[in-house]
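These notes are about the structure you will find just below.
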2 protein chains.
Amino acid sequence: MANMTDVAKLANVSTATVSRVIQNPEAVKEKTRVKVLQAIEELNYQPNILARYFRRTETKTILVVVPSIMNNVFPQMIAGIDLVANQSGYKVLLGNTYQDPEKAYSYIEELKQKQVDGMILLTTRLDNDVITDIADRYPVVLTSDFIEGLNVPTVAIDNISSSREAVEHLLRLGHCRIGMITGPLNSLLSRDRLKGYRQALLANDIAIESVLIQEGDHTYESGYNQMNKFLALEKPPTAIFAANDSMAMGAIKAVKDQNMKVPEDVAVVGFDNIQFSEIFEPALTTIAQPLIEMGKQSMELLLKQIKGDSLKKKQLVLDTKLIIRDSCGSKQV
Amino acid sequence: MANMTDVAKLANVSTATVSRVIQNPEAVKEKTRVKVLQAIEELNYQPNILARYFRRTETKTILVVVPSIMNNVFPQMIAGIDLVANQSGYKVLLGNTYQDPEKAYSYIEELKQKQVDGMILLTTRLDNDVITDIADRYPVVLTSDFIEGLNVPTVAIDNISSSREAVEHLLRLGHCRIGMITGPLNSLLSRDRLKGYRQALLANDIAIESVLIQEGDHTYESGYNQMNKFLALEKPPTAIFAANDSMAMGAIKAVKDQNMKVPEDVAVVGFDNIQFSEIFEPALTTIAQPLIEMGKQSMELLLKQIKGDSLKKKQLVLDTKLIIRDSCGSKQV
DNA sequence: AGCTAAAATGTAATCCATTACATTTTAGCT
DNA sequence: AGCTAAAATGTAATGGATTACATTTTAGCT
């Protein structure tokens, strides 16, 4: 494999000139440029990227840390990230944590060791201090989990108001006994969605009943199981807000298995708008997150940091949208 | 940031010794090792990985080329790859092609430039010659698309016999007018699944009718549309083999929309066993691909190549499994 | 032609770990 | 003690692009 020196010799110039032809062609006279280009062609020269990375201490690679790529929402976010990254000449490294904070910390090491130019955290269970610390020192974007009080670049949705909107939709349809199946409450995101539920009820003078709040774990099965608890109640709820679509589907399945109907007997609203929620029967009424857009914006925000631009807006909150389909039985908004 | 020379000075040894302590500790006397380790500790030294990569011409990174990460089957394969890669100290770079061969070629460049140590292609539209060529020169694994006649390391399933099995299942249930919705026939995978369908019918002395074969594009919508064509036939098929689960679901939806029932009026069998096929109603009878396992095995195969081991078996064909659920209306095997 | 500023090019240091080869130290033996 | 083989350590070259700084060339002007 030919190196830069070979090219320089053949073209009868210095390596500096060859380098300039590659990096910054306008800085080289037309005539020399052509000469160098010919030499490159003739030797079939390709710059050694590893040498460049080493010299420049940059890798044109960013790391996306994700709890599990098999989870429905992440591939879309990653697709958005990848799209922008590609346009800007960056590569995307995948970091599965398998929910293990240990793993997450190991990815931070990669950032410290400059193996990557930046990092996007799609949700996290890391210590706030740690996040603040590395975000201070390296390009980092937090996506999806907005952590109040943290001054870290973030792209998120407003989980509280979105949940409120979902519940308000049920209220508007006349439901006043509304149950909620939450996500794991050790995560802020889950607590926020619960908070939105509470706010909506309170604003409508409906008392919060703790029997109407069940904690799930975002799986279809947990939605099924928690719904069964609701149905076993003396006075079951007439509507359910599930903190994500998988649980909503599980809940609906439980209703069906009791020979009852959705939305006639129980209305269900979900959250996420995963691909399948449209195909599911009844088609799920749900809160749509702009997943791809979130990915894109995260990458944009990261790029700005990498370039060293000062960020006017560090925290982006994107709009969600209530998608009305069939699981709540309403045609109007 | 301290470098190796700093450590060497502090520990009063040469950089060679420091390097050995890191790479090959047994080669260093206990006493010196401790001394060096202390110096490393004291200076908070971390080796410059980029320098190492450069020097060694290896990056401990592999590239996974995927048409679109948003497609249902790929995240699972990637998860399998990632698992094994992690265990072996490799990182996974994501290469979305967005179905664009141009993009795929650009990823091959990364391989050539030694930006990655190896590459796993999850399906591809690349020229056979190109694949053979780079597989000759670099560690490469082809996953999912088994290309006959190509002597390239491959992990795949037997699409032909799996499809045959799916159709035989329908035959066993007494169907003799069986339609097929294929994938895009410019892909070998799709043609193989069609071939299996043909073989099953022929083996049972049933003539192939071209009206009973419709080409879809793997989307839910195409399944829906092609099914409608079948239903418009004078003598519609009583059973359908869809080349993937999404199309199977679309087909079922079309049947339902005509106020007919699955499996009573039309039996449907799919392919892939995506997560959702279990939740879908009726739960899909389908061919399960061992996606995670395929990912794992691909990575193992790649690792062997990277290590330079000779491959006893270059081509792995993993078993699929017919998962009988409700969409064909059978309880027996 | 002669001068100057700007443009183009060259020189050589730099980034830092790795490793082939050379040298020194150690251990085991008579 | 003296010898040898083995173990441990050191020396210094190497990988290849980048770039600050120095030098040369060019263009534009009087």
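So you know, we letter chains A, B, ... as the sequences are listed, proteins then strands, and number each from 1.
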Using a 3.5 Å distance criterion without hydrogens, assess whether the side chain of [X] forms a donor-acceptor pair with backbone atoms of [Y].
| X | Y | result |
| --- | --- | --- |
| B/Lys314 | B/Asn151 | yes |
| A/Thr154 | A/Ala156 | no |
| A/Ser88 | A/Tyr90 | no |
| A/Arg33 | A/Val28 | yes |
| A/Gln289 | A/Val73 | no |

- [ ] Let me know, please, whether B/Arg33 or A/Ile49 comes out on the 5' side of the other along DNA chain D by nearest nucleotide.
- [x] B/Arg33
Task: Toward the 5' end of DNA chain D, by each residue's nearest nucleotide, B/Glu26 or A/Ser19 - done: B/Glu26
Contact class for [X] vs. all strands (heavy atom < 4.0 Å): base, sugar-phosphate, or nothing?
| X | value |
| --- | --- |
| B/Asp6 | nothing |
| A/Val28 | sugar-phosphate |
| B/Val18 | nothing |
| B/Tyr53 | nothing |

Nucleotide N/O of nucleotides 11-14 of chain D paired with protein N/O under 3.5 Å:
residue : atom : partner : partner atom : Å
D/dT14  : O2   : B/Arg55 : NH1          : 2.2

Kindly say if [X] contacts the phosphate of [N], meaning a side-chain N or O under 4.0 Å from OP1 or OP2.
| X | N | value |
| --- | --- | --- |
| B/Gln23 | C/dT18 | yes |
| B/Tyr45 | C/dA17 | yes |
| B/Arg52 | C/dT18 | yes |
| B/Thr32 | D/dT9 | yes |

For [X] and [N], what is the distance between atoms [atom1] and [atom2] respectively, to the nearest whole Å?
| X | N | atom1 | atom2 | result |
| --- | --- | --- | --- | --- |
| B/Lys29 | C/dA27 | NZ | C1' | 11 Å |
| B/Lys114 | D/dA17 | NZ | P | 14 Å |
| B/Gln46 | C/dA17 | CD | C1' | 15 Å |
| A/Gln113 | C/dA17 | CD | P | 11 Å |
| B/Ile22 | C/dC16 | CD1 | C1' | 11 Å |
| B/Asn24 | D/dA8 | CG | P | 11 Å |
| A/Glu30 | D/dT26 | CD | P | 15 Å |
| A/Asn3 | D/dT18 | CG | C1' | 14 Å |

Sequence neighbours left out, cut at 3.5 Å: what donor-acceptor pairs do the side chains of residues 38-51 of chain A make with other protein atoms?
residue : atom : partner  : partner atom : Å
A/Gln46 : NE2  : B/Glu109 : OE1          : 3.2
A/Asn48 : OD1  : A/Leu50  : N            : 2.9
A/Asn48 : OD1  : A/Ala51  : N            : 2.9

Is a donor from one side chain sitting under 3.5 angstrom from an acceptor on the other, for [X] and [Y]?
| X | Y | answer |
| --- | --- | --- |
| A/Thr5 | A/Thr15 | no |
| B/Tyr98 | A/Asp82 | yes |
| A/Ser144 | A/Thr123 | no |
| A/Tyr53 | B/Gln115 | yes |

Open item on the list: Taking the cut-offs as 6.0 angstrom to the six-membered ring centre and 45 degrees off its axis, would you call B/Lys103 and B/Tyr107 a cation-pi pair?
Closed with: yes
Open item on the list: According to a cutoff of under 5.5 Å between the ring centres and under 30° between the ring planes, does A/Phe54 stack with the base of D/dG16?
Closed with: no
TODO: Using a 3.5 Å limit on both pairing distances, list the dot-bracket string of DNA chain C from the 5' end; Watson-Crick and G-U wobble pairs count, crossing pairs take [ ], interstrand pairs take |.
DONE: ||||||||||||||||||||||||||||||
Open item on the list: Which nucleotide wins on minimum distance to the side chain of A/Asn48, given the candidates D/dG16, D/dT19, C/dT26?
Closed with: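 Selected nucleotide (nearest to the side chain): D/dG16.
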Open item on the list: Looking only at the side chain of B/Met4 (C-beta and beyond, no hydrogens), which of the listed nucleotides C/dT9, C/dA17, C/dC16 gets closest?
Closed with: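 Side chain of B/Met4 sits closest to C/dA17.
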